[in-house]
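Report on one structure; see the data block that follows.
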Amino acid sequence: MALRIYNSLTRSETEFQPLEPGKVRMYVCGITSYAPSHIGHARAYVAFDVVYRWLKRHYLVTFVRNFTDIDDKIIKAAHANGEDPMTLSERFIRMFGEDMNELGNAVPDVEPRVTTHIPEIVRMIETLEQQGFAYRLDGDVYYEVKKFQAYGRLSGRSLDQLEAGARVEVDERKRSPYDFALWKAAKPGEPFWDSPFGKGRPGWHIECSAMAEKYLGVRFDLHGGGKDLLFPHHENELAQSCAAHGTPEFANVWMHNGFVNLMPEGCPKCEAAVPEGAKVEAGLTCAACGYLFTEEDFKMSKSRGNFYPIREVLARYEGEALRLFFLTTHYRKPINFSHVLLEDAEKRLDKNYETLQEIERFTTQQTFTPGKSFAGIFGFDPLEKFKEAMDSDFNTAVALAEAAEVFRLANDLLRGDENKRLGRVLSPEETSRLLLDCQEMIRSMGDILGLWQAEPRAYLERRKIAKSSSLTMTPAQIEALIVERKEARNRKDFRRSDQIRDELKAKGIVLKDAKDGSTTWTVEES
RNA sequence: GGUGCCGUCGCCAAGUUGGUAAGGCAUAGGUUUGCAAAACCUACAUUCACCGGUUCAAAUCCGGUCGGCACCUCCA
């Protein structure tokens, strides 16, 4: 089956055909580095990371994601704390890199910055000026949207419609309120570069056009970003690039991811609206379902302005859990951010790693004999269905369902008694071989989704430590009680052994007895 | 005012070129266990906001109603 992608430009899902056989060139709009990146960024870049990984399976991909490192907001933020704009920008770029790493996102092939591409930008503005698409105004240079026939094609609006809406503040000097700055004259105290238009800096939009051209050419395959960028950012990029290149097309396929919505003023669990005048604060319960509001819920409601920094989330949850949470919803649909859902994702991930650990334990202790493959024995191939899901406009929700099937089968195999699906008992050798197949499938799916790549033992150990922070006992004390319980069990003193179990349970520690007689412990999440 | 999206089990969420409802969490019963935990098995939407239409057949198409959201201004 061929890969089909929803194209914002045509508003339809179509089969993907690279411009150049075997190769894909993609551009994704990066951040403006003036503040810590938020969960909206996290979702967008996880979504496009999966796109990148999937495309890499079939093509030689060049992935470009820029940094807009000079901009009004950066200058403003820098002035606010008496810092050099470049220093501030650099700091947030570094933070962004750390956040992306925690989320398991691959590093793009090129991460160009505006400030190191001023000549390319200036050259493009000059071209636009020569072609009659730009005009100068008091040291600024503007793009004249009326000169570009197809303006509005991407976002599906006409200039007439836009002007009827008229929510932009009107700058009387401009020929149209929708004309946008290609170059901005420097005000005193602002950073600037010399140019034929005077001292100044690039406007927003032009940097992406110039850098895309430099690294990907006049035409390329994919252009991505958040839904909010569709207008005006992408519309303007398209207008600039086509005008400067004298071509009717720019990116072949435009992809836009849906938003992360923060919870409204209501209960995060049952979504019951908070009655007028009622107080919502941490420690109170929801009248409808009894859910206990936490500090975070409250904070989230207050910060509807999109500011939930990635690192605040990562301080409490595994980056991989946040990733899994995003992937349970198709990338184009909006997703509601909530702690309840994130905890679900984290629990699911913990169980996945427990299964992976069990597989490892079993298969390293057991030899296997070659024989029929997984698909040959079970009569179906989860990997094929997984691929079909990915080919359907990157349907990670369905892909995840296929992965869940493999995990269930692996657990079934690990039980060691009659296999329910096959209706017979498998030999250890056969079980081992099938488990290795499962492991291989999970690794392979995970390689695309950016999940399940950690060493299970290391992951589980880290989780245990993270969850232990609220514990009143040290691991050594716990281990000592486990030893005592084992002795009690050996002499069949179940009263004492259960007493120890209950004691630990009360402190949030759950014991797990394995078949081989060993006992492990996990921390119950509060 | 303009443009677009969405409303599927208690919660999250697939499915919309029409053909008889994926998966996860939760819940109930069972197997297993000295007891647990985990795991596995079984059950859990004759129904897809509502109303009407097209059709042999609709969650999927058409019209309408109600409800939620986004964009048109910086924003992933």
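Basis for what follows: all heavy atoms, side chains included, without hydrogens, waters or symmetry-related copies. In what follows, chains are A, B, ... by sequence order, proteins preceding strands, each numbered from 1.
Checking the phosphate oxygens (OP1, OP2) of B:rA76, no side-chain nitrogen or oxygen of A:Asn257 falls inside 4.0 Å. Here A:Lys333 reaches the OP1 or OP2 of B:rA14: one of its side-chain N or O atoms lies under 4.0 Å away. OP1 or OP2 of B:rC69 has not a single side-chain nitrogen or oxygen of A:Asn261 nearer than 4.0 Å. For B:rA76, the OP1/OP2 oxygens have no side-chain nitrogen or oxygen of A:Lys227 closer than 4.0 Å. Put simply, A:Lys347 has a side-chain N or O that comes within less than 4.0 Å of OP1 or OP2 on B:rA26.
Using N1 to N3 plus N6-O4 or O6-N4 for Watson-Crick, or N1-O2 and O6-N3 for G-U wobble, each under 3.5 Å, B:rG10 pairs with B:rC25. Using the Watson-Crick or G-U wobble rule with both distances under 3.5 Å, B:rA38 pairs with nothing in any strand shown. Pairing for B:rA57 is absent, with no Watson-Crick or G-U wobble pair whose two atom distances lie under 3.5 Å. Pairing for B:rU33 is absent, with no Watson-Crick or G-U wobble pair whose two atom distances lie under 3.5 Å. Here B:rC5 sits opposite B:rG68 as a Watson-Crick or G-U wobble pair (both hydrogen-bonding atom distances under 3.5 Å).
Only the P atoms considered, B:rC44 is 29 Å distant from B:rG52, to the nearest whole Å. The separation of B:rA59 from B:rC6, taken at their C1' atoms, amounts to 14 Å, rounded to a whole angstrom. Across the P atoms, B:rA49 and B:rU42 are found 29 Å apart, a figure rounded to whole Å. Taking atom C1' on both nucleotides, B:rU3 is separated from B:rU8 by 26 Å, rounded to a whole Å. Straight-line distance between the C1' atoms of B:rA14 and B:rA21: roughly 10 Å, to the nearest whole Å. B:rC48 and B:rC11 have their P atoms separated by 16 Å, given to the nearest Å.
Atoms CG (A:Leu400) and C1' (B:rG24) sit 8 Å apart, rounded to a whole Å. In this entry the distance linking CG of A:Leu324 with P of B:rC12 reads 17 Å, nearest Å. The distance between atom NE2 of A:His256 and atom C1' of B:rU3, rounded to the nearest whole Å, is 15 Å. The nearest whole Å value for the distance from the CD atom in A:Glu402 to the P atom in B:rG15 is 13 Å. Regarding A:Arg157, its CZ atom lies at a distance of 8 Å from the C1' atom of B:rG4, rounded to whole Å. For the pair A:Arg408 CZ and B:rA22 C1', the interatomic distance rounds to 10 Å; values are reported in whole Å. Regarding A:Lys505, its NZ atom lies at a distance of 8 Å from the C1' atom of B:rA36, rounded to whole Å. Atom pair A:His330:NE2 and B:rA14:C1' shows a separation of 11 Å (rounding to whole Å applied).
Within 6.0 Å of NZ in A:Lys385 there are 12 or fewer heavy atoms belonging to other residues, nucleotides or ligands.
Donor-acceptor pairing under 3.5 Å is lacking for the side chains of A:Glu343 and A:His339. In summary, the side chains of A:Glu320 and A:Tyr353 do present a donor paired with an acceptor at a separation below 3.5 Å, with no hydrogens or angles considered.
With respect to A:Phe16, the side chain to side chain contact (heavy atoms under 4.5 Å, CB included) criterion is satisfied by exactly one of A:Asp393, A:Val253, A:Asp391: A:Val253.
Closest approach of A:Phe362 and A:Pro428 over heavy atoms only: CE2-O, 4.0 Å.
Side-chain N/O atoms of A:Asp513 and base N/O atoms of B:rC35 include a donor-acceptor pair closer than 3.5 Å. For A:Arg11 and B:rG4, a side-chain-to-base donor-acceptor distance below 3.5 Å is absent, hydrogens and geometry of angles not being considered.
Of the listed nucleotides (B:rG34, B:rG2, B:rA76), B:rA76 has the atom at the smallest distance from the side chain of A:Thr32.
Remark: the backbone N or O of A:Gly30 is paired with a side-chain donor or acceptor of A:Asn66 at under 3.5 angstrom.
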query: What do the steps show when you test A:Phe96 against A:Tyr45 for ring-ring contact (aromatic ring centres under 6.0 Å, His included), and what is the final call?
result: CA-CA 11 Å; A:Phe96 175 80; A:Tyr45 299 126; 5.5 Å; yes
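By the stacking rule of 5.5 Å between ring centres and under 30° between planes, A:Phe259 does not stack on the base of B:rA70.
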